[in-house]
Enquirer: 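This is the structure I have questions about; it appears just below.
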2 protein chains.
Amino acid sequence: MTQTSWDPRRLTAVAVELPEGVTPPGTRGRILRAALRLFAEYGFHGASIRDIAREVGINSATLYAHYPAKEHVLAELIRLGHEELRRRMVEAAGAAGDDPAEQLAALVRAQVLVHTDYPLLALVANHELHALSPESAAPALALREEARQLLLAVLERGATAGAFDVADVPLTGIAIGSLGMRVANWFGPDQPYTREQVADAFVGFALRLVGSPLPRG
Amino acid sequence: MTQTSWDPRRLTAVAVELPEGVTPPGTRGRILRAALRLFAEYGFHGASIRDIAREVGINSATLYAHYPAKEHVLAELIRLGHEELRRRMVEAAGAAGDDPAEQLAALVRAQVLVHTDYPLLALVANHELHALSPESAAPALALREEARQLLLAVLERGATAGAFDVADVPLTGIAIGSLGMRVANWFGPDQPYTREQVADAFVGFALRLVGSPLPRG
DNA sequence: GTCTATAGATGGATAGAC
DNA sequence: GTCTATCCATCTATAGAC
């Protein structure tokens, strides 16, 4: 059966990974990974300080030697997630050529692969942002806005150049963004697609959305 | 500025509405609406029994004369949301003709309009399902699966009939479903589109996704 | 940095009067 | 059905020893 049904619970069978290089070393990193898994499965308010500490194997009081408050742990996770998204999309935009279709493909591929590579982080970054104070959420929102502008700029360019047939640029941007964002909710080891297959398919979807003939036949 | 930026907090300026006919009368209905607003904004674990009671204007103990536990309030909301989705999609499928493109358009329009008409309910139904026990979540999941099968059946029919150019039916179904599902996250009074404009646009997106020539031009 | 112990607040839920 | 009062578990966070 080729089902790809929705899971009532959030993903659990997914490796708890954080982007390389940016993960803090030592106990701080272990706290971050434990919190990532628990926040993804139960939500910020559904996972307690004691739950996180138990998962790390330390006392709950020890956690406060690394983070001043529970909210700071969530804030760092959400910031990391958005930084990785922005980083990859900027990189993709820079590596792509001048063709709007090629640029759009690169951006969509980057967005999808961030969600397949770090589904738990994407879940938390997208679903638990409301648990942060406006000040704590601001950095992530700024990064998200940058990524959004990258996509909108490509859509605008392609539309004015005649490469795209787009009736409404902002709405098309929302649609393309929505496609990639939900990948984190269903991508995992229990479904038959590889990360590259999903990326290829979603690039094709995005190109069809903008009315662009497929570049590879 | 025609921005449609993302909101850090979940929607608040949206009328708290439940589908007609199915909403319980009296205090029970008021509890349901209060819980809907609070669960949508703060999440199930982020809103307390006392918060809900305060919003209704009753004592927190009174709530237990109407619901045996906090989880039952959430379970009823999520069930209502999924029932409305299933009801509208079945209705749309029945009213549409035999043409696969027409059927797909009807299903997508129905899905989008459920999310524009009851964005808070859709948010809670999609984001807080993990807070329910498997038994409490089962009815909603069954309804969701029915709605999903309606969409997949149309995609299959259109693909085999040659009306659609679809490389991967399940993945295309996920993509179309993702489009409509996220409408609840951004649709509201602070953006320039009407519900009909969004529905029309997303129907167009879906038809492009399946490689179908637009029926109206 | 890590622990034990605990403060102080808040959580879901119940007892019983009216 | 609604209230007051309360039980008891759990929560975030802190104090202070090692």
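Below, read A as the first sequence line, B as the second, and so on, with proteins coming before strands; counting in each chain starts at 1. What you are looking at is a predicted structure, and each value in this text was computed from that prediction instead of being measured. Just the heavy atoms: all of them, side chains too, but no hydrogens, waters or symmetry mates, feed the values below.
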Enquirer: Reading DNA chain C from 5' to 3', where do the contacts with chain B start and stop? Cut-off is 4.0 Å to heavy atoms.
Expert: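 Going 5' to 3' along DNA chain C, contacts run C:dG11 to C:dA15.
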Enquirer: Taking only residues two or more places apart in sequence or in another chain, which ones pass side chain to side chain donor-acceptor pair (under 3.5 Å) with A:Q103?
Expert: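 Expected list: A:R157.
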Enquirer: Not counting sequence neighbours, which residues clear side-chain contact (heavy atoms from CB on, under 4.5 Å) with B:S136? List them please.
Expert: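 Partners of B:S136 by the side-chain contact (heavy atoms from CB on, under 4.5 Å) criterion, ordered by chain and then number, come out as B:E71, B:A75, B:L132, B:S133.
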Enquirer: Going by heavy atoms closer than 4.0 Å, what residues in residues 47-59 of chain B are next to DNA chain D?
Expert: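 Within this stretch, B:R50, B:I58, B:N59 sit under 4.0 Å of the strand.
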Enquirer: Could you pull out all residues at least two apart from A:E156 that satisfy side chain to side chain donor-acceptor pair (under 3.5 Å)?
Expert: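 Expected list: none.
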Enquirer: For A:R54, which residues count as a salt bridge (charged side-chain N to carboxylate O under 4.0 Å, His left out) partner, sequence neighbours excluded?
Expert: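 Salt bridge (charged side-chain N to carboxylate O under 4.0 Å, His left out) list for A:R54, sorted by chain: A:D51.
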Enquirer: Separation of A:L38 atom CG from D:dT12 atom C1', in whole Å?
Expert: 16 Å
Enquirer: Taking DNA chain D as the partner, which of residues 64-78 of chain B come within under 4.0 angstrom of it by heavy atom?
Expert: B:A65, B:H66
Enquirer: What pairs meet the salt bridge (charged side-chain N to carboxylate O under 4.0 Å, His left out) rule with one or both residues in residues 104-115 of chain A, with sequence neighbours excluded?
Expert: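 Every salt bridge (charged side-chain N to carboxylate O under 4.0 Å, His left out) pair that includes a residue of residues 104-115 of chain A, provided the two are not neighbours, is A:R109-A:D200.
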Enquirer: With side chain to side chain donor-acceptor pair (under 3.5 Å) as the rule and sequence neighbours excluded, what pairs involving residues 16-30 of chain A come up?
Expert: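 Sorted result for residues 16-30 of chain A: A:R28-A:E76.
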Enquirer: Which residues pass the ring pair (Phe, Tyr, Trp, His ring centres under 6.0 Å) test with A:F202, sequence neighbours left out?
Expert: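 Here the qualifying residues are A:F205.
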Enquirer: Please name the residue in the list B:L32, B:I49, B:L74 that meets the side chain to side chain contact (heavy atoms under 4.5 Å, CB included) test with B:Y67.
Expert: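 Among the candidates, only B:L32 passes.
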Enquirer: A:E102: what forms a side chain to side chain donor-acceptor pair (under 3.5 Å) with it, not counting sequence neighbours?
Expert: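 Listed in chain order: nothing, the list is empty.
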Enquirer: Please collect all side chain to side chain donor-acceptor pair (under 3.5 Å) contacts where either partner lies in residues 80-92 of chain A, sequence neighbours excluded, each pair once.
Expert: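 Qualifying pairs, neighbours excluded: A:R79-A:E83, A:H82-A:R144, A:E84-A:R87, A:E84-A:R88, A:R86-A:E146, A:R88-A:D117.
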